[in-house]
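To start, the structure under review is shown below, and the notes come after it.
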Amino acid sequence: MAWTWRFEKSDGTEVQPAVEPEEFTTQGDAESWIGEHWKELQEGGADQVFLSEDGTKIYGPMSLHES
């Protein structure tokens with residue numbers, strides 16, 4: 001299993017992340033990584049993210065902006 005993130009602007013346009021993620025082997029690892037890097041990603045132009053497992057969307061969009 002591979003867990004991956006997709007990074008987008010608020011209008012749904014895909015953007016390159018400011019911090020390049022790896023492919024994660026668990027959902028927890030992927031979520032821990034986004035928790036550590038969300039601020040850098042947001043400052044680099046990403047507004048929201050989607051989490052996928054082996055190409056199947058699990059959830060998203062999840063905002064990278066503080067509410």
In chain order, what residues pass the side-chain hydrogen bond (donor to acceptor under 3.5 Å, both in side chains) check against [X], with sequence neighbours excluded?
X     : value
Gln27 : Glu31
Glu53 : none
Ser32 : none
Asp11 : Thr13

field: salt bridge (charged side-chain N to carboxylate O under 4.0 Å, His left out) partners of Glu14, counting only residues at least two apart
entry: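 So Glu14 forms a salt bridge (charged side-chain N to carboxylate O under 4.0 Å, His left out) with Arg6.
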field: Which residues share a salt bridge (charged side-chain N to carboxylate O under 4.0 Å, His left out) with Lys57, sequence neighbours left out
entry: none
message: Test of understanding: with side-chain contact (heavy atoms from CB on, under 4.5 Å), list the residues that count as partners of Thr4, not counting sequence neighbours.
response: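 By the side-chain contact (heavy atoms from CB on, under 4.5 Å) rule, Thr4 matches Glu23, Ser52.
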task: Could you pull out all residues at least two apart from Gln16 that satisfy side-chain contact (heavy atoms from CB on, under 4.5 Å)?
output: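 With sequence neighbours excluded, Gln16 shows a side-chain contact (heavy atoms from CB on, under 4.5 Å) to Glu20, given in chain and number order.
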task: Quick one: closest heavy-atom pair of Gly44 and Ala18, and the distance?
output: CA-CB, 3.8 Å
field: Transitive ILVMFWY cluster of Trp33, excluding itself - 4.5 Å side-chain cut-off
entry: Met1, Trp3, Trp5, Phe7, Val15, Val19, Phe24, Ile34, Trp38, Leu41, Val49, Leu51, Ile58, Tyr59, Met62, Leu64
field: Among Glu8, His65, Gln42, side-chain contact (heavy atoms from CB on, under 4.5 Å) partner for Gln48
entry: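 Running side-chain contact (heavy atoms from CB on, under 4.5 Å) over Glu8, His65, Gln42 with Gln48 returns exactly one hit, Glu8.
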- request: Without swapping roles, check the side chain of Lys9 against the backbone of Gly45 for a donor-acceptor pair under 3.5 Å.
  value: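 Yes, Lys9 side chain to Gly45 backbone: donor-acceptor pair under 3.5 Å.
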